[in-house]
Amino acid sequence: MTTTMKNNDFTHIMKGRRSIRAYDPAFKISREELKEMIEEAATAPSSANLQPWRIVVVESEEGKNTLRPLIRFNTQQNDTSSAMLLVFGDMKSYEYAEEIFNAAVEQGKMPPEVRDRQLESILTIYPTLPKEVVNDIVKVDSGLLAMQLMLTARAHGYDTNPIGGFETDQIAAAFGLDPERYTPVLILAIGKAEEEGYESVRLSADKITFWK
């Protein structure tokens with residue numbers, strides 16, 4: 001396959017994505033394929049490679065019943081989708097730094113001296129950062145994961161809907177997570193579309209780009 005063909009395929013995936021609210025309620029994506037999509041999306045970049053994204057997959061009737069009162073006017077996605085993916089940012093993702101960087105050395109992807117230097121910097125700086133700074137970092141990183149997950153889902157033949165309208169102050173605790181550690185970023189509905197969805201209008205590059 002040529003590079004041009006690959007680029008055309010990716011452009012088709014991006015431009016073919018629609019924000020879908022109604023899904024086939026009888027269709028379920030297997031846990032194996034959901035895990036595969038999450039692993040593919042988790043190749044997204046992150047600050048210091050700390051990968052702060054955490055995902056709660058809500059697929060059971062019990063889980064969706066718990067989520068329903070917390071998502072305001074987005075109940076249709078909850079009731080019909082294969083799953084609702086709750087994306088959180090881990091405020092203490094630096095606690096995984098040693099595991100990540102040790103694995104990089106073991107797999108020959110990083111020299112030990114680079115690992116040691118980076119670990120010293122991360123474990124010195126990150127625990128002392130103001131909460132609002134860490135919150136911004138993990139939300140940006142988790143947003144990259146979420147966008148990549150939407151494109152990955154489209155490549156697998158599924159549709160998604162990113163949701164920002166939910167009770168951000170309640171959702172972590174509702175699913176057994178520490179609200180002080182896990183900050184909610186967004187929710188992704190995923191499933192087999194039961195509607196085509198509308199193609200939306202985008203501002204041109206000229207409107208959103210500043211050349212200096």
Colleague: Counting N and O atoms only, with roles assigned by atom type, does the side chain of N78 sit under 3.5 Å from a partner on the main chain of K64, one being a donor and the other an acceptor?
Modeller: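 Yes; judged by distance alone, with no hydrogens or angles, the pair exists.
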
Colleague: Listing request: all salt bridge (charged side-chain N to carboxylate O under 4.0 Å, His left out) pairs with a residue in residues 28-56, at least two apart in sequence or in separate chains.
Modeller: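 Applying salt bridge (charged side-chain N to carboxylate O under 4.0 Å, His left out) to every pair that reaches into residues 28-56, excluding sequence neighbours, yields R31-E59, R54-D90.
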
Colleague: For the side chain of K131 and the backbone of E180, is there at least one donor-acceptor N/O pair under 3.5 Å apart?
Modeller: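 Not a single qualifying donor-acceptor pair exists.
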
Colleague: Consider only side-chain N and O atoms of S200 and R202, and report whether a donor and an acceptor are under 3.5 Å apart.
Modeller: yes

Colleague: Do I71 and L177 belong together in a cluster built from hydrophobic side chains that touch within less than 4.5 Å?
Modeller: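 Yes; tracing contacts between hydrophobic side chains, which count when under 4.5 Å, links both residues.
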
Colleague: Return the minimal non-hydrogen interatomic distance between P25 and E194, and the atom names on each side.
Modeller: CD-OE2, 3.9 Å

Colleague: Can you get from I163 to L85 by hopping between Ile, Leu, Val, Met, Phe, Trp and Tyr side chains that sit under 4.5 Å apart?
Modeller: no

Colleague: Report yes if the side chains of V58 and I187 come closer than 4.5 Å at any heavy-atom pair, otherwise no.
Modeller: no

Colleague: State whether a side-chain donor-acceptor pair under 3.5 Å links Q76 with D79.
Modeller: no

Colleague: Please collect all side-chain hydrogen bond (donor to acceptor under 3.5 Å, both in side chains) contacts where either partner lies in residues 168-178, sequence neighbours excluded, each pair once.
Modeller: none

Colleague: Hydrophobic cluster membership, with links at side-chain heavy-atom distances under 4.5 Å among I/L/V/M/F/W/Y: are M37 and M84 in one?
Modeller: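 The answer is no; the residues belong to distinct hydrophobic clusters.
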
Colleague: Name each donor-acceptor pair under 3.5 Å that joins a side chain in residues 91-100 to protein atoms two or more places apart or in another chain, with its distance.
Modeller:
{"unit_1": "E95", "atom_1": "OE1", "unit_2": "R181", "atom_2": "NH1", "d": "3.2"}
{"unit_1": "E95", "atom_1": "OE1", "unit_2": "R181", "atom_2": "NH2", "d": "3.4"}

Colleague: Kindly work out whether a path of hydrophobic side-chain contacts (I/L/V/M/F/W/Y, heavy atoms less than 4.5 Å apart) joins F88 to V134.
Modeller: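 Each belongs to a different hydrophobic cluster.
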
Colleague: Has the side chain of T183 got a donor or acceptor atom that lies under 3.5 Å from a matching backbone atom of P179?
Modeller: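 No, T183 side chain to P179 backbone: no donor-acceptor pair under 3.5 Å.
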
Colleague: What pairs meet the side-chain hydrogen bond (donor to acceptor under 3.5 Å, both in side chains) rule with one or both residues in residues 101-117, with sequence neighbours excluded?
Modeller: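 Checked against side-chain hydrogen bond (donor to acceptor under 3.5 Å, both in side chains) - neighbours excluded - the pairs reaching residues 101-117 are N102-R115, Q107-K109.
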
Colleague: Check for a donor-acceptor pair, side chain of S82 on one end and backbone N or O of F27 on the other, with a separation under 3.5 Å.
Modeller: yes

Colleague: Does the E195 side chain pair with the main chain of R21, one donor and one acceptor, at a distance under 3.5 Å?
Modeller: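 Pair found, side chain donor or acceptor close to backbone of R21.
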
Colleague: Would you compute the distance between atom CD of E167 and atom CG of L70 and round it to the nearest 0.5 angstrom?
Modeller: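 Nearest 0.5 Å value for the CD-CG distance: 6.5 Å.
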
Colleague: If you look only at pairs with a residue in residues 162-184, which of them pass as a ring pair (Phe, Tyr, Trp, His ring centres under 6.0 Å), with sequence neighbours excluded?
Modeller: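 Non-adjacent pairs meeting ring pair (Phe, Tyr, Trp, His ring centres under 6.0 Å): zero.
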
Colleague: So for atom CD, which belongs to E132, do other residues, nucleotides or ligands contribute more than 12 heavy atoms lying within a distance under 6.0 Å?
Modeller: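 Atom CD in E132 is packed in, count exceeds 12.
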
Colleague: Let me have the donor-acceptor pairs involving side chains of residues 140-152, under 3.5 Å, with sequence neighbours excluded, atom names and distances please.
Modeller:
{"unit_1": "D141", "atom_1": "OD1", "unit_2": "S47", "atom_2": "N", "d": "3.4"}
{"unit_1": "D141", "atom_1": "OD1", "unit_2": "S47", "atom_2": "OG", "d": "3.4"}
{"unit_1": "D141", "atom_1": "OD2", "unit_2": "S47", "atom_2": "N", "d": "3.0"}
{"unit_1": "D141", "atom_1": "OD2", "unit_2": "S47", "atom_2": "OG", "d": "3.3"}
{"unit_1": "S142", "atom_1": "OG", "unit_2": "V138", "atom_2": "O", "d": "2.7"}
{"unit_1": "Q148", "atom_1": "NE2", "unit_2": "A41", "atom_2": "O", "d": "3.3"}
{"unit_1": "Q148", "atom_1": "NE2", "unit_2": "T43", "atom_2": "OG1", "d": "2.8"}
{"unit_1": "T152", "atom_1": "OG1", "unit_2": "Q148", "atom_2": "O", "d": "2.8"}

Colleague: Examine distances only and state if a side-chain atom of T209 and a backbone atom of D206 form a donor-acceptor pair shorter than 3.5 Å.
Modeller: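 It does not hold such a pair.
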
Colleague: Begin from the C-alpha positions of T66 and R68 and carry the test side-chain contact (heavy atoms from CB on, under 4.5 Å) through to its verdict.
Modeller: CA-CA 6 Å; T66 299; R68 187 174 292 110; over 6 Å; no

Colleague: Minimum heavy-atom separation for Q77 and A189, please, with both atom names.
Modeller: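 The answer is CB-CB, 3.7 Å.
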
Colleague: If I compare all heavy atoms of I190 with all of A153, which pair ends up nearest, and what's the gap?
Modeller: CD1-CB, 3.7 Å

Colleague: Would you indicate whether the side-chain heavy atoms of L86 and I171 approach each other to under 4.5 Å?
Modeller: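 Touching, per the 4.5 Å side-chain cut-off.
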
Colleague: Is there a path of hydrophobic side-chain contacts, each under 4.5 Å between heavy atoms of I/L/V/M/F/W/Y residues, joining V87 to L34?
Modeller: yes

Colleague: Ignoring hydrogens, what is the shortest heavy-atom contact between W53 and A42? Give both atom names and the distance.
Modeller: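 Result for this residue pair: CZ2-O, 3.6 Å.
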
Colleague: What are the two closest heavy atoms between N161 and Y23, and how far apart are they?
Modeller: N-OH, 3.3 Å

Colleague: Restricting to non-hydrogen atoms, name the atom on N74 and the atom on G165 that form the minimum distance, rounded to 0.1 Å.
Modeller: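 N74 and G165 have their closest heavy atoms at ND2-O, 3.1 Å.
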
Colleague: Go through the steps for L186 and L188 under the test side-chain contact (heavy atoms from CB on, under 4.5 Å), then give the verdict.
Modeller: CA-CA 7 Å; L186 79 165; L188 288 180; 4.1 Å; yes

Colleague: When rounded to the nearest 0.5 angstrom, what distance separates CD1 in I20 from OH in Y158?
Modeller: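 Here the rounded value is 15.0 Å.
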
Colleague: Flag the pair R154 and D159 as a salt bridge only when some basic side-chain nitrogen lies within less than 4.0 angstrom of an acidic carboxylate oxygen.
Modeller: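 Yes.
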
